[in-house]
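Take a look at the structure below.
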Amino acid sequence: MTIKLYNTLSRKKEIIRPQKEDLITMYVCGPTVYSHPHIGNARAAIVPDILFRFLQTKYSQVIYIRNITDVDDKIIEAAEKENTSIDKITNKYTEIYKNNMSGLGILDPTYEPKVTEKIPNIINSIEKIIKNGNAYVSESHVLFNTKSYDSYGQLSRKKLDEMIDGARVDVASYKKYPGDFILWKPSIGDSPGWKSPWGKGRPGWHIECTSMVKDVLGDDTTLDIHGGGNDLIFPHHENEIAQGNCMSKKNYCNHWFHNGIVLVDKKKMSKSLGNVILVNNLLKKSNKNILRAALLSTHYRQPLNWTKKTLSNASGLIQRLSSSIEHEKQETLDSTALDEISDILSDDLNTPEAFRYLTGLAKHAKRNKNDRYALMQSSMLLGIDLNHTTEEPDITDELRDKIETLLTKRSKLRNSGQYDEADTVRQELSDLGVSIEDSSGKTTWKIDADK
RNA sequence: GGCUAAGUGGCAGAGUGGUAAUGCAGCGGCCUGCAAAGCCGUCAACGCCGGUUCGAUUCCGACCUUAGCCUCCA
């Protein structure tokens, strides 16, 4: 089977063609660890997660690299603001990022390099670019010479001179040309820095990714797939391509994919609007399955508009899927069950279409074992585990006792036909945020998601 | 201003050159002591204006609107 994925370079869906038959390589820009991950970070992680899961079903080896940026001006600011050290900030937020992502069921990448651990490689990469005549040293900075690279602008389809004309920012004195970007910059005072041929300093933003790709795969290799949020197309990925192609004779990367932005009520999230939605908070009031459904029910290239109804829509969808196989025991699943969902995903990761397929299966899953298997296994490919939707909620023993007492009380009242009194008890439970269901002689309860 | 995308029912969101999936919500029914859940049924949409075509929501062009990038934002 072939997998088609939209390639930002050509603006077309293209068949993924790895250079080796059984091995495929992918790199995705990871987080800068200075604050809590928000829903946009989650989307940028879950889209490659789906691709990663899918590729693993098709190739015997998938190398997936996602970096952690732990040197950055914003980190330095955050450390000052929280009155602590840079290490503490980056360790804290790296931990939170990892917890949040695993809370969303996002698989760990094969490699997860940190910038601070790769400084020697980065310096080495910069030296190569200088040596090849594509970068220059100026006032303790190293700058990439964009004029020396003819194809600059190929990804974002921008013309360098036009960009410069429209720019609103003053040109730094150390730049030969306004479009040049920083590979290495000096660290002044006690800001973090490393010894280098150009003095104490730290890497520019773009070089870390290029350097890590080359570090893991080797200089003379071409990356198969590179992804990230579409706000990274320019300048970040454009610059990566320039650097990568000037470091080695091999093409930097063949296939670029970009996920759309997350909007909140059709507006971009920003601290000033106070509409930033954090993964932490979502995980508290919802669960992995629902959040994944919410993030994946929009095609990855489209903007995802997050509204008040997003979670309840997704919750209904998951409810619909899981109700058909609730209480199902884990059974060995048939490998051909994945054929149809693979077909759907192989057309540019069409996850909304995948959900349509899943709901179709759910219709017959109660009676048809094959459909039930296909539903469970196909959902798993999206990282949705329908077998674990009835997990015990995390509540205090005290509350649990109280709920049990009320349930017993109501049950007795119902058995003796005192329905008005039983309904009063149900209301008491509802006030505690507990909703109940009587089905086939048993009463089950759950904590309401929004309480 | 330049570049890049997008506008589908109440909400969300696929898809297609021949009259448009799916989920949520709504409505009706079955079930239930009543609810809930489930099941069955049902209402309802292709921004605007031209062009190409036997036929356009789909292709082309203009316009309007929205969003992103051009500022080390995923």
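Chain A is the first sequence line, chain B the second, and so forth, proteins listed ahead of strands; every chain is numbered from 1.
We find the CZ-CD1 distance between A/Arg292 and A/Ile46 to be 4.0 Å, quoted to the nearest 0.5 Å. The CH2 atom of A/Trp184 sits 12.0 Å away from the CD1 atom of A/Ile182 when rounded to the nearest 0.5 Å. Put simply, NZ on A/Lys4 and CG on A/Leu349 are 12.5 Å apart, with the number rounded to the nearest 0.5 Å.
Summarising the local packing, NZ of A/Lys147 is surrounded by more than 12 heavy atoms from other residues, nucleotides or ligands at distances under 6.0 Å. The environment of A/Arg367 atom CZ is sparse: at most 12 non-hydrogen atoms of other residues, nucleotides or ligands sit within 6.0 angstrom. Surrounding OH of A/Tyr111 are at most 12 heavy atoms belonging to other residues, nucleotides or ligands under 6.0 Å away. The environment of NZ in A/Lys409 is sparse: at most 12 heavy-atom neighbours from other residues, nucleotides or ligands sit within 6.0 Å.
Taking 4.5 Å as the limit, some side-chain heavy atom of A/Arg410 sits within range of a side-chain heavy atom of A/Asp438.
B/rC48 sits 36 Å from B/rC39 when the P atoms are compared, rounded to a whole Å. Distance noted for atom P between B/rA45 and B/rC40: 24 Å (whole Å). A gap of 15 Å separates the C1' atoms of B/rU19 and B/rC54, to the nearest Å. Between B/rG9 and B/rG47, the distance separating the two C1' atoms is 14 Å to the nearest Å. Comparing the P positions of B/rA36 and B/rG29 gives a spacing of 13 Å, expressed to the nearest Å.
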N/O contacts under 3.5 Å, protein versus nucleotides 29-33 of chain B?
| unit_1 | atom_1 | unit_2 | atom_2 | d |
| --- | --- | --- | --- | --- |
| B/rG33 | N7 | A/Arg414 | NH2 | 3.4 |
| B/rG33 | O6 | A/Arg410 | NH2 | 3.4 |
| B/rG33 | O6 | A/Arg414 | NE | 3.0 |
| B/rG33 | N1 | A/Asp423 | OD1 | 3.1 |
| B/rG33 | N2 | A/Asp423 | OD1 | 3.4 |
| B/rG33 | N2 | A/Asp423 | OD2 | 2.7 |

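A donor-acceptor contact shorter than 3.5 Å links the side chain of A/Ser416 to the backbone of A/Lys412. Under the 3.5 Å distance criterion, the side-chain polar atoms of A/His141 are left unmatched by any main-chain donor or acceptor of A/Leu143.
Per the geometry, NE2 belonging to A/His226 stands 13 Å off P belonging to B/rA74, to the nearest Å. One atom, CZ of A/Arg11, and another, P of B/rC3, lie 13 Å apart when rounded to the nearest Å.
The aromatic rings of A/His36 and A/Tyr93 stand perpendicular to each other, their planes meeting at an angle above 60°, with 30° marking the opposite boundary. In this structure, A/Tyr149 and A/Phe144 have perpendicular ring planes: the angle between them is above 60°, well past the 30° mark.
Of all the residues in residues 338-345 of chain A, not one reaches under 4.0 Å from RNA chain B with any non-hydrogen atom. Scanning residues 138-151 of chain A for heavy-atom distances under 4.0 Å to RNA chain B yields an empty list.
OP1 or OP2 of B/rC69 lies within a sub-4.0 Å distance of a side-chain N or O belonging to A/Lys268. The side chain of A/Arg320 places an N or O atom within less than 4.0 Å of a non-bridging phosphate oxygen (OP1 or OP2) of B/rG23.
A search for ring-ring contact (aromatic ring centres under 6.0 Å, His included) contacts involving A/Tyr97 returns nothing, not counting sequence neighbours.
Taken together, the paired segments of RNA chain B that extend over three or more consecutive Watson-Crick or G-U pairs, each closer than 3.5 Å at both contacts, are B:1-7 with B:64-70, B:10-12 with B:22-24, B:26-30 with B:38-42, B:49-51 with B:59-61.
The side chain of A/Ser323 has B/rG38 as its nearest neighbour among B/rA74, B/rC72, B/rG38. Side-chain atoms of A/Lys158 lie closest to B/rG2 of the nucleotides B/rG38, B/rG2, B/rA74.
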Exercise for review: For the pair A/Met247 and A/Lys214, evaluate side-chain contact (heavy atoms from CB on, under 4.5 Å) and give the outcome as yes or no after the intermediate values.
Suggested key: CA-CA 9 Å; A/Met247 262 179 74; A/Lys214 296 297 186 190; 3.7 Å; yes
Check your understanding: Nucleotide by nucleotide, 5' to 3', does protein get under 4.0 Å of the base (B), only the sugar-phosphate (S), or neither (-) in nucleotides 10-15 of chain B, counting heavy atoms?
Key -> BBSSSS
